[in-house]
*Asks:* 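Here it is, the structure, as structure tokens.
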Amino acid sequence: MNVISIINHKGGVGKTTTTLNLGAALAIDGKRVLMIDLDGQANLTISAGIKNAAKTIYEAFRGDIEKLPILSNKEGLHIVPASLDLQALEAELMGEPGRELILKDLLSSIESEYDIVLIDCPPALGFLTLNALTASSHVLIPVEAEALALKGMTKLLQVVAKVQKRLNPQLSILGIVVTKYDSRKVLNRNVHDSIQKDYPDFLMTTVIRDNVSLAEAPAVQMDVLHYSPQCYGSLDYTALAQEITAIL
């Protein structure tokens with residue numbers, strides 16, 4: 001089971017969009033996919049159309065339930081929902097022994113059930129993101145093709161390196177994927193070129209083009225592949241899924 005953390009401590013770069021639509025593309029391709037919402041804003045949960053979940057990842061972290069609460073949306077995608085309570089979890093588990101291993105332990109019971117797990121991480125390098133990295137085999141970093149896109153990238157890679165050294169030597173960087181890309185904009189092309197220059201080993205071939213359907217789909221609580229199968233967003237996330245599958 002490949003576990004991929006989708007991380008960037010900057011907000012608005014497309015983490016949730018990438019998790020949901022990459023997950024949908026992989027599922028359509030026949031992969032057994034589980035998506036985990038680890039963000040206290042619960043945007044993945046909402047965007048996928050999961051409503052009024054009786055149990056969420058919050059209860060699983062606290063030990064109130066023994067297994068991950070896995071739900072299916074109307075498109076048949078499997079999701080572990082989040083709740084606003086997640087934002088208080090770090091303080092609640094402050095004294096918990098081995099607290100950075102909680103998610104890894106929860107995932108160990110479903111290893112035979114899924115091919116790929118995608119974790120939508122919060123926009124911070126705190127307790128929840130550390131749990132995700134410790135449980136993961138790979139890291140995927142969405143980067144918006146805008147000014148200051150690479151600000152903090154060094155810090156992010158340092159955190160990944162520390163987790164590799166201290167907690168999870170099997171963790172590897174799957175790649176950096178450029179999102180919200182418009183080839184007509186000089187700034188977007190310059191950002192892409194900067195990433196290619198600074199991180200040539202990590203840049204994914206696929207770019208996610210700026211596309212109105214990617215913004216519309218969450219509003220109707222769907223992934224873009226089921227919402228508009230032929231739009232740029234669907235085509236790009238299908239290409240990204242194929243690229244990732246080839247790497248894995």
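Both backbone and side-chain heavy atoms feed into the values below; hydrogens, waters and symmetry mates do not.
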*Asks:* Under the rule for salt bridge (charged side-chain N to carboxylate O under 4.0 Å, His left out), what residues qualify as partners of K15, not counting sequence neighbours?
*Replies:*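 Scan of K15 (salt bridge (charged side-chain N to carboxylate O under 4.0 Å, His left out), adjacent residues dropped) gives none.
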*Asks:* Heavy atoms only: give me the nearest N43-D37 pair and the separation to one decimal.
*Replies:*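 In terms of heavy atoms, the two residues are closest at N-OD2, 3.8 Å.
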*Asks:* Mind running salt bridge (charged side-chain N to carboxylate O under 4.0 Å, His left out) on D115 and K31 for me, showing each step along the way?
*Replies:* CA-CA 6 Å; D115 302 311; K31 304 293 186 295; over 6 Å; no
*Asks:* Could you tell me whether a side-chain N or O of N211 sits under 3.5 Å from a main-chain N or O of G233, the two making a donor and an acceptor?
*Replies:*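 Yes; judged by distance alone, with no hydrogens or angles, the pair exists.
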*Asks:* Side-chain contact test, heavy atoms from C-beta onward, threshold under 4.5 Å: evaluate it for I36 versus I57 and give yes or no.
*Replies:*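 When only atoms from C-beta onward are counted, I57 and I36 do touch, with a gap below 4.5 Å.
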*Asks:* For Y58, is there any backbone N or O sitting under 3.5 Å from a side-chain donor or acceptor partner on T56?
*Replies:*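 Checking the backbone N and O of Y58 against the side chain of T56, a donor-acceptor pair under 3.5 Å is found.
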*Asks:* Search all heavy atoms of S136 against all heavy atoms of A132 and return the closest pair with its distance.
*Replies:*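 S136 and A132 have their closest heavy atoms at OG-O, 2.6 Å.
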*Asks:* For the pair K10 and L148, evaluate side chain to side chain contact (heavy atoms under 4.5 Å, CB included) and give the outcome as yes or no after the intermediate values.
*Replies:* CA-CA 10 Å; K10 290 187 66 177; L148 305 179; 4.3 Å; yes
*Asks:* Contact between V143 and K180 at the side-chain level, heavy atoms closer than 4.5 Å - yes or no?
*Replies:*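 Side-chain contact under 4.5 Å: no.
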*Asks:* About how many Å separate CG of L38 and CG of L128, when rounded to the nearest 0.5 Å?
*Replies:*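 If I round to the nearest 0.5 Å, the distance is 4.5 Å.
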*Asks:* For A145 and V191, which heavy atoms make the closest approach, and how far apart are they?
*Replies:*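 Result for this residue pair: CA-CG1, 3.9 Å.
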*Asks:* Are L248 and V33 connected in the hydrophobic side-chain network, where two residues link if heavy atoms are under 4.5 Å apart?
*Replies:*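 Yes; V33 is reachable from L248 via cluster members.
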*Asks:* What distance do R99 atom CZ and L93 atom CG have between them, rounded to the nearest 0.5 Å?
*Replies:*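 It is 7.5 Å, given to the nearest 0.5 Å.
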*Asks:* Checking T45 side chain against A82 main chain: does a donor-acceptor pair fall under 3.5 Å?
*Replies:*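 The answer is yes, because a donor-acceptor pair under 3.5 Å joins these two groups.
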*Asks:* Does the cation-pi check pass for R209 over Y181, that is, NZ or CZ under 6.0 Å from the six-membered ring centre and within 45° of its axis?
*Replies:*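 Output no; distance or angle outside limits.
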*Asks:* Let me confirm one number: the CG-CG distance from N2 to L174, rounded to the nearest 0.5 Å.
*Replies:*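 It is 9.0 Å, given to the nearest 0.5 Å.
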*Asks:* With a 4.5 Å cut-off on side-chain heavy-atom distances among I, L, V, M, F, W and Y, is there a chain of contacts connecting I70 to L77?
*Replies:*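 No.
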*Asks:* Is the number of heavy atoms from other residues, nucleotides or ligands within 6.0 Å of NZ (K74) greater than 12?
*Replies:*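 Yes, NZ of K74 has more than 12 neighbouring heavy atoms, counting only those of other groups under 6.0 Å.
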*Asks:* Would you name the heavy atoms of P142 and T179 that are closest together and state the gap between them?
*Replies:*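 Answer, listing the atom of P142 first, then T179: CB-CG2, 4.0 Å.
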*Asks:* Does the side chain of D29 come within less than 4.5 Å of T238's, by heavy atoms?
*Replies:*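 No; the side chains remain at least 4.5 Å from each other.
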*Asks:* Quick one, L103 with F61, criterion side chain to side chain contact (heavy atoms under 4.5 Å, CB included). Give me CA distance, side-chain angles, the key distance, then yes/no.
*Replies:* CA-CA 7 Å; L103 183 57; F61 260 84; 3.9 Å; yes
*Asks:* Side chain of S47, backbone of L44: donor and acceptor closer than 3.5 Å?
*Replies:*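 Not a single qualifying donor-acceptor pair exists.
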*Asks:* Would I173 end up clustered with V207 when hydrophobic side chains under 4.5 Å apart are linked, directly or stepwise?
*Replies:*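 Per the 4.5 Å side-chain linkage, I173 and V207 are co-clustered.
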*Asks:* If we only count heavy atoms from C-beta on, is the L68 to S109 side-chain gap below 4.5 Å?
*Replies:*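 A side-chain contact under 4.5 Å is absent here.
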*Asks:* Looking at every heavy atom in both N131 and I102, which two are closest together, and how far apart are they?
*Replies:*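 Smallest interatomic distance, heavy atoms only, reads OD1-N, 3.2 Å.
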*Asks:* Give a yes or no answer on whether the side chain of Q164 reaches the backbone of P169 with a donor-acceptor pair at less than 3.5 Å.
*Replies:*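 No.
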*Asks:* Contact between L171 and H138 at the side-chain level, heavy atoms closer than 4.5 Å - yes or no?
*Replies:*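 Side chain of L171 against side chain of H138, heavy atoms only: no contact under 4.5 Å found.
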*Asks:* Show your working on side chain to side chain contact (heavy atoms under 4.5 Å, CB included) between V177 and L140 and close with a plain yes or no.
*Replies:* CA-CA 7 Å; V177 58; L140 181 65; 4.2 Å; yes
*Asks:* If we ignore hydrogens and angles and just use 3.5 Å, is the side chain of S228 paired with the main-chain N or O of V224 as donor and acceptor?
*Replies:*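 No, S228 side chain to V224 backbone: no donor-acceptor pair under 3.5 Å.
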*Asks:* Do the non-hydrogen side-chain atoms of M153 and I141 ever get within less than 4.5 Å of each other?
*Replies:*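 When only atoms from C-beta onward are counted, I141 and M153 do touch, with a gap below 4.5 Å.
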*Asks:* Hey, quick one: are I244 and I6 part of the same hydrophobic cluster, counting side-chain heavy atoms closer than 4.5 Å, chains of contacts allowed?
*Replies:*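 Result: yes, single cluster for both.
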*Asks:* Any heavy-atom pair between the side chains of H192 and N188 that's under 4.5 Å?
*Replies:*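 No, side chains not in contact.
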*Asks:* Please round to the nearest 0.5 Å and tell me the distance separating atom CD1 of I110 and atom CG of L34.
*Replies:*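 Here the interatomic distance stands at 5.0 Å.
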*Asks:* If you count the non-hydrogen atoms of other residues, nucleotides and ligands that lie under 6.0 Å from OH in Y232, is the total more than 12?
*Replies:*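 Atom OH in Y232 is not packed in, count stays at 12 or less.
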*Asks:* Is any side-chain N of the basic residue among R62 and E92 closer than 4.0 Å to the acidic one's carboxylate O?
*Replies:*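 Result for this pair is yes, salt bridge flagged.
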*Asks:* For the side chain of S137 and the backbone of V3, is there at least one donor-acceptor N/O pair under 3.5 Å apart?
*Replies:*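 Looks like yes, one N/O pair under 3.5 Å.
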*Asks:* Please report the interatomic distance CG(L22) to CG(L240), rounded to the nearest 0.5 Å.
*Replies:*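 If we round to the nearest 0.5 Å, L22:CG and L240:CG are 5.0 Å apart.
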*Asks:* Is there a donor-acceptor contact under 3.5 Å from the side chain of S234 to the main chain of Q230?
*Replies:*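 Flag not set: sc S234 to bb Q230 has no pair under 3.5 Å.
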*Asks:* Check whether any side-chain heavy atom of D223 lies under 4.5 Å from a side-chain heavy atom of E75, and answer yes or no.
*Replies:*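 Touching, per the 4.5 Å side-chain cut-off.
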*Asks:* Which label fits H78 and Y114: parallel for a plane angle under 30°, tilted from 30 to 60°, or perpendicular past 60°?
*Replies:*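 H78 and Y114: perpendicular rings.
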*Asks:* Establish, from distance only, whether the side-chain atoms of T16 and D120 form a donor-acceptor pair under 3.5 Å.
*Replies:*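 The answer is yes; a qualifying pair exists.
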*Asks:* Of all the heavy-atom pairs spanning I79 and A48, show the shortest one and how long it is.
*Replies:*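 Looking at all heavy atoms of both residues, the shortest contact is CD1-CB, 3.1 Å.
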*Asks:* Starting from the C-alpha separation in whole Å, work towards a yes-or-no answer on side chain to side chain contact (heavy atoms under 4.5 Å, CB included) for V178 and I208.
*Replies:* CA-CA 6 Å; V178 176; I208 308 301; over 6 Å; no
*Asks:* Give, for atom OG of S5 and atom CG of L118, the distance between the pair rounded to the nearest 0.5 Å.
*Replies:*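 So the gap between those two atoms works out to 9.5 Å.
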*Asks:* So if you build clusters from Ile, Leu, Val, Met, Phe, Trp, Tyr with side-chain heavy-atom gaps below 4.5 Å, do L86 and I65 land together?
*Replies:*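 Per the 4.5 Å side-chain linkage, L86 and I65 are not co-clustered.
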*Asks:* Test your reading of the model: is there a side-chain donor-acceptor pair from Q221 to the backbone of I50, 3.5 Å cut-off?
*Replies:*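 Judged by distance alone, no pair lies under 3.5 Å.
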*Asks:* Just by distance, with hydrogens left out, do T134 and E100 show a side-chain donor and acceptor under 3.5 Å apart?
*Replies:*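 Distance-only check fails for T134 and E100.
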*Asks:* Counting only N and O atoms by type, is there a donor-acceptor contact under 3.5 Å from the side chain of D182 to the main-chain atoms of D210?
*Replies:*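 Side chain of D182 to backbone of D210: no pair is present.
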